[in-house]
Structure formats: C-alpha cells, structure tokens
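Take a look at the structure set out below.
Counting starts at 1 for both ligands and their atoms, following the listed order.
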Amino acid sequence: MLVFSSATMQLLFLSLPASPQVLFLITPVLFSSFFLLLVLLLLLSIHQWQHPKDKRLPPGSLGWPYIGETLKLYTENPNSFFANRQQRYGDIFKTHILGCPCVMISNPEAARTVLVTQAQLFKPTYPPSKEKLIGPEALFFHQGAYHSRLKKLVQAAFLPSAIRGSVSEIEQIVLKFLPTWENTTINTLQEMKRFAFDVAMISAFGHKQDLEMTEIKQRYQCLEKGYNSMPFDLPGTSFHKAMKARKLLNGTLRRLIQDRRDNKKQGGGLLGSLLGAKNQKVDQLSDSQIADNVIGVIFAAHDTTASVLTWVVKYLHDNGDLLEAVTREQEGIQRKIIEANRKLTWDDTRHMPLTTRVIQETLRTASILSFTFREAVQDVEFDGYYIPKGWKVLPLFRTIHHCADFFPQPEKFDPSRFQVPPRPNTFMPFGSGVHSCPGSEPAKLEMLVLLHHLTTRYRWQVVGDEDGIQYGPFPVPKRGLPVNVTPRKIKRA
Ligand code: HEM
C-alpha cells in the first residue's frame, strides 16, 4: 500500500523557504495541494482495498460507471461482442453489463468448474421479476438440499422410462397441427410455440388432461406476455396483467392439486411425480411448491424447444440434400410402420441417427441459450484470478460451440461432425452439472416425432429473402421464419 511516512512529511516542511511573505503566498497553495494529495491517497487505498494487488481480477474493461459495456453489448452483435473480447483478453475476461460486474468464460474446463466441480460457489441468478412471475419456489432459483430433492423428482418425471409411453400423444398433437399448415404461409416460430406448448402440457400434467386445462392454458398465455416486459407493476402494464394471471393460475393449480389429492389419483407428468413423492415424510411438497415447479417446467420447456425447431426447419430448408437424406431415413421407418400396421413408437425414435445428428448440429449452431448466469457466493480464487463475491459469472455456451478448435469450420451446418462424440465439456446445449436440463429427452423426442411427419409429408419454402436473427428472447430467424408449406410430391420409382 502507498503510505507517506511522517519522516517524508517532515522533510517536505523543513525544506520550505523561511521568509514570512513567501510563506503567506504559498500557504493556501500548499494546503490545497496537501488536501488533494490526501484525497488521492484515500481513493487509492479504497481501490487497493477493493482490488488487492495480490488478487488479480481477470483482464477486460468495466466500461463506464454503472452502464459499463451494456450499450456495446446491445448495439453490437452479441457474438462479435464476446468474440472480440475473447480475442483481446483470452478465455476469461471481465466486463460490466446491466449494472453488474461480470466474468465471462469461454474455456470448457473453466465452464465445468463453475457449473459442475465448484457449483456450490456459483449460485444461479435470475432477474427478480422472473422469480415473481414463475414462482420463488421453482427449482431454478435454488441450491443445496431443496434443489436436489426437487431435481430428483423432476428428473424422474422425464426419464426415458417415464416418457416412452407419450409418443402416441405427441404424435396426435403433430397430426392435429400439420394439416392446418398445408398450403398456407405460417410463422414457423409462432406455430412451433403453439405445438411445444401443447406438448409441455403433457410433460406437466400427463396424458389424461383434466377439466382445468383450457383455463390453465389461457392464464399461462397471459402470464408469458410478462416475461419479457418491463417489470413495472402498475395497472395497465403487461407485467401487472401477467402478475394478475399468475395469481389466478395459482388458484386453478391449487384446485387441480387438491382434486388429485382428494381423489387419490396422482396422475401423470411432472404433477404426478411431485404428488406421488415416495418418501412422504421427506419429499412431500406444499401446494405452492408444486404450483411454482409446474409453471417453471412449462416455462422452461416451450419457448426453448420452439426456437430450436424453428432453426431445424430453416437449416433443412437451406440444405436440400440433407433434407432428402433425412426424408429417406424417415421413409424407412414409415415403411416398417405400414408393414406392421402399427403407430410410431419410442423404439422407432431410437433408430433415427441422421435426424438426431441434425438436431444436435442445430443445438450447436443456433446455441439458443448463448450463456447462463451464475453469481459468486463468496470471493473466489479462479484459474489464477480473483472473482469478488456478488460478481456474475457467465459460461458462454455459444462461444464454446463456435470455437474452431473443437468444431472445425464452426459456421458450417454439418451434422456429420456428430458421428464422433464431441470432446468433453465442449457441447453443452442443455447445460451441465446440478442445474443441467432435466428436459433434454422430452425435447429431443418431440422434435423427432414432428420431423418424422414433417419431412415425409411436406415441403416448405421460406417467404422473403431476409436472412438474419432476432431475439425474442432466444435468437431465432428474422420475423419468426415465415414459410409456405405444401404437401410433398412423392416420386414413384
Ligand atoms: C431444446 C430445448 C431445450 C433447451 C435447449 C434447454 C436448455 C436448458 C439449459 C441450458 C438449462 C440449464 C440452465 C442453467 O444451467 O442455468 C436448462 C434447465 C432446465 N430445463 Fe431445459 N432446455 C430445453 C427444453 C426443456 C424441456 C422440454 C423441459 C421440461 C420438460 C426443460 C426443463 C428444464 C428445467 C426444469 C431446468 C432447470 C433445471 C435446474 O435448475 O436444476 N427444458 N434447460
């Protein structure tokens, strides 16, 4: 620390000229310089206290006070924002966005440390408005015992053994939607949202849908309008309407939960899993814990899957040979189904290697969750750097997925790269560690069932030649990808 010794101060005074006139002239100057020096020393000590020399913050710029680099992030393309800084500062760098100092991480091993091996030091963090709308007891917002207890129950609801029976229900939804697209121009994103929402309702409530479903659907649709609105809880605002819908939704869910409890019919889906927790003493959850987690799963399941499906439609449209190859794979399965006079099954979906690789490559290329947010719960020594308590830590999935060292020619859409499994920790579309996505299997299943029917029966043409990305909140093709859907002309041999 920079400290002036009293000897130095004495020397300063002793070396002053002795004449009283001169003293009279220089005294005010001397005092103000001395005062300035003291202020400087104080500021320097505060700075050194906050950022001790032996504790090295990651390189990078915190930008302007408070606004930091937020404007740059929003005016530049987010990809170039991350890539430019990675080039300048390396895989771990600091910045300041949305009022928070952040450390961004694009090194797979360091991302693993944050998400897996040292996960207890980095808690998930969301804007308070999201927590209010979804419900504070949803598992996203928790760590430790409550989170792991819930996570087990949620995972159990989405294990392959639990969801293999839902193929025919998902297929029914697909067959309800596809004919409505025929010979019209659809907004792919909006249609995929409607489709993914109906499937999410099965994930949440099981096959046997209760009377309350229409009410839940309407109220949820009002609630979701608040997710990306400004969090002003004033009459007339979207946020206020969403909060009102959330309260009403709570009432409907409580009625449904009570009804299932009273009639001792736990039912299927996540609700069934949460109501039927085996070890009642340890696992029994309150109605509000159940409601928050059911809403949480609908939230997590539907915009994500819809955005990925929109990209799959785009990539297959732009890669005609690939679309034909996927169609051939699906026609092979279709032939078996017709020969055996049966419906599409779970086992069929396990024999779609090319279609599965198309989904994997879409998850990599589109990387709809570009990053996730964590917060250091204490001061952390990390990879030779110091991360102060309260700083946000962001593993950058997209930057890792687009790194040429792990995925050569990263901008090329090439599903064949997944014939060889990616290097560990370089492919994390569903996150990693304790908070990783429990819905990866249902998400893949619904995409496979939809693609089976879409590719064998239809062709689509993108309307307009506008390439580009919009954020809502996930990156999706511009204007939600309007496409013209027509029945496929089958060539007879
Ligand atoms: C392709 C679609 C999907 C993608 C790309 C995706 C991605 C992710 C990612 C990256 C996370 C981890 C976030 C973090 O670590 O902060 C996550 C968490 C989660 N996802 Fe998904 N997800 C998808 C679909 C689904 C579906 C269909 C469900 C449910 C049926 C679901 C339920 C959840 C839940 C409950 C969490 C929170 C887990 C926790 O905090 O422990 N997701 N998802």
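Atoms of ligand 1 lying under 4.0 Å from at least one heavy atom of Phe140, given by number and element, are 36 (C), 37 (C), 40 (O). Applying the 4.0 Å criterion to heavy atoms of Val308 picks out, from ligand 1, the atoms 1 (C).
Scanning the protein for heavy atoms near atom 12 (C) of ligand 1, the closest one is His435 O, 3.3 Å.
Contacts between Val434 and ligand 1, counted as non-hydrogen atom pairs separated by less than 4.0 Å, involve the backbone only. Counting heavy atoms closer than 4.0 Å to ligand 1, residue Arg374 contributes side-chain atoms (C-beta onward) but none from N, CA, C or O. Under 4.0 angstrom from ligand 1, the non-hydrogen atoms of Pro429 all belong to its backbone. Heavy atoms of Thr372 found under 4.0 angstrom from ligand 1 belong exclusively to the side chain. Using a 4.0 Å cut-off between heavy atoms, Phe158 contacts ligand 1 through its side chain alone, with no backbone atom that close.
Under a 4.0 Å N-O distance rule, the pair Glu331/Arg328 does not qualify as a salt bridge. The existence of a salt bridge linking Arg112 and Glu109 is excluded, since no basic side-chain nitrogen approaches an acidic carboxylate oxygen closer than 4.0 Å. Under a 4.0 Å N-O distance rule, the pair Glu224/Lys193 does not qualify as a salt bridge.
Looking only at atom types and distance, the side chain of Arg459 has a donor-acceptor partner in the side chain of Thr327 under 3.5 Å away. For the residue pair Thr455 and Gln330, no side-chain donor N or O sits within less than 3.5 Å of a side-chain acceptor on the partner.
Proximity of the aromatic rings of His401 and Phe427 is defined here by a centroid distance below 6.0 angstrom, and this criterion is met.
To the nearest 0.5 Å, atom SG of residue Cys102 and atom CD of residue Glu69 are 10.0 Å apart.
Heavy atoms only, all atoms of each residue included: Ala119 and Val434 are closest at CB-CG2, 4.0 Å.
Proximity of Leu454 to Trp181: side-chain heavy atoms (C-beta onward) are separated by under 4.5 Å at one or more points. Contact annotation: the side chain of Arg149 approaches that of Leu285 to within less than 4.5 Å [non-hydrogen atoms, C-beta and beyond]. Looking at heavy atoms from C-beta onward, Tyr227 lies in side-chain contact with Lys130 at the 4.5 angstrom threshold. Taking 4.5 Å as the limit, every side-chain heavy atom of Ile290 sits out of range of all side-chain heavy atoms of Arg260.
Checked by distance only, ligand 1 and Lys151 come closer than 3.5 Å through their nitrogen or oxygen atoms. For ligand 1, none of its N or O atoms has an N or O atom of Glu446 under 3.5 Å away.
Residue contacts with ligand 1 include His147, since one or more of its heavy atoms lies under 4.0 Å from the ligand. Contact between Met428 and ligand 1 is absent, with no heavy atom of the residue lying under 4.0 Å from the ligand.
Around atom 21 (Fe) of ligand 1, protein N, O or S atoms at less than 2.8 Å comprise Cys437 SG.
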